[in-house]
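Read the structure below first, then the notes.
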Amino acid sequence: MGFLKTILIVLLVYYLLKILAKWFAPKLFKYAAKKTEEHFKEQFEGFAGQQTQEEEQIGDVIIDRKTTKKKNSSKNVGEYIDFEEIE
């Protein structure tokens, strides 16, 4: 009789947990998604805040030019050696 009682209790607990999971799992996932979204918004606002402080005002024209180095190449590079194949 004790064995049947144990099996019955295990089955009741299993089905009770299944029912509770159906009710509370969506709410739990929504809560976790909401918290994650808030965390990412905070991170993004911090990142976006840094960029807006560094940016110039709207309408300002900024020209960034790359420095170009002139290559100092001479036509006299070195001595030319003609190689021949030896068989």
Side-chain angles (χ1 to χ4, degrees):
M1 192 71 175
F3 181 68
L4 290 174
K5 214 182 226 185
T6 305
I7 291 178
L8 182 64
I9 290 172
V10 169
L11 287 175
L12 285 174
V13 169
Y14 173 73
Y15 283 112
L16 182 66
L17 287 176
K18 241 178 127 173
I19 291 170
L20 290 175
K22 281 184 182 179
W23 287 344
F24 293 112
K27 293 177 184 176
L28 190 68
F29 284 127
K30 283 181 186 177
Y31 176 76
K34 181 180 172 185
K35 285 295 184 181
T36 305
E37 181 182 357
E38 289 174 4
H39 176 72
F40 280 119
K41 278 185 180 178
E42 288 174 6
Q43 292 291 328
F44 182 73
E45 287 172 359
F47 179 70
Q50 290 174 355
Q51 284 185 342
T52 56
Q53 292 173 356
E54 294 173 0
E55 290 180 4
E56 300 294 325
Q57 296 215 356
I58 297 174
D60 288 349
V61 178
I62 300 171
I63 300 173
D64 292 330
R65 295 186 184 194
K66 294 182 181 179
T67 57
T68 57
K69 292 183 179 179
K70 293 183 179 179
K71 295 183 179 178
N72 294 333
S73 63
S74 61
K75 294 188 178 190
N76 186 7
V77 178
E79 186 178 334
Y80 179 74
I81 301 173
D82 190 18
F83 289 99
E84 295 181 14
E85 291 185 23
I86 300 175
E87 294 183 19

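Residue numbers start at 1 and run along the sequence shown.
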Taking every non-hydrogen atom, the tightest pair across Pro26 and Ala21: CD-O, 3.9 Å
About how many Å separate [atom2] of [Y] and [atom1] of [X], when rounded to the nearest 0.5 Å?
| X | Y | atom1 | atom2 | result |
| --- | --- | --- | --- | --- |
| Thr6 | Leu11 | OG1 | CG | 11.0 Å |
| His39 | Glu42 | NE2 | CD | 7.5 Å |
| Lys5 | Leu8 | NZ | CG | 9.5 Å |
| Thr36 | Tyr31 | OG1 | OH | 10.0 Å |
| Leu12 | Leu17 | CG | CG | 11.0 Å |

ILVMFWY cluster, Phe24 and Ile19 together (side-chain gap under 4.5 Å):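 In one cluster with Phe24: Ile19, yes.
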Following the transitive rule for hydrophobic clusters with a side-chain heavy-atom cut-off under 4.5 Å over Ile, Leu, Val, Met, Phe, Trp and Tyr, establish whether Leu16 and Trp23 coincide in one cluster.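 Yes.
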Run the salt-bridge test on Lys41 and Glu37 with the 4.0 Å N-O cut-off and return the result as yes or no.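 Yes, charged N to carboxylate O under 4.0 Å.
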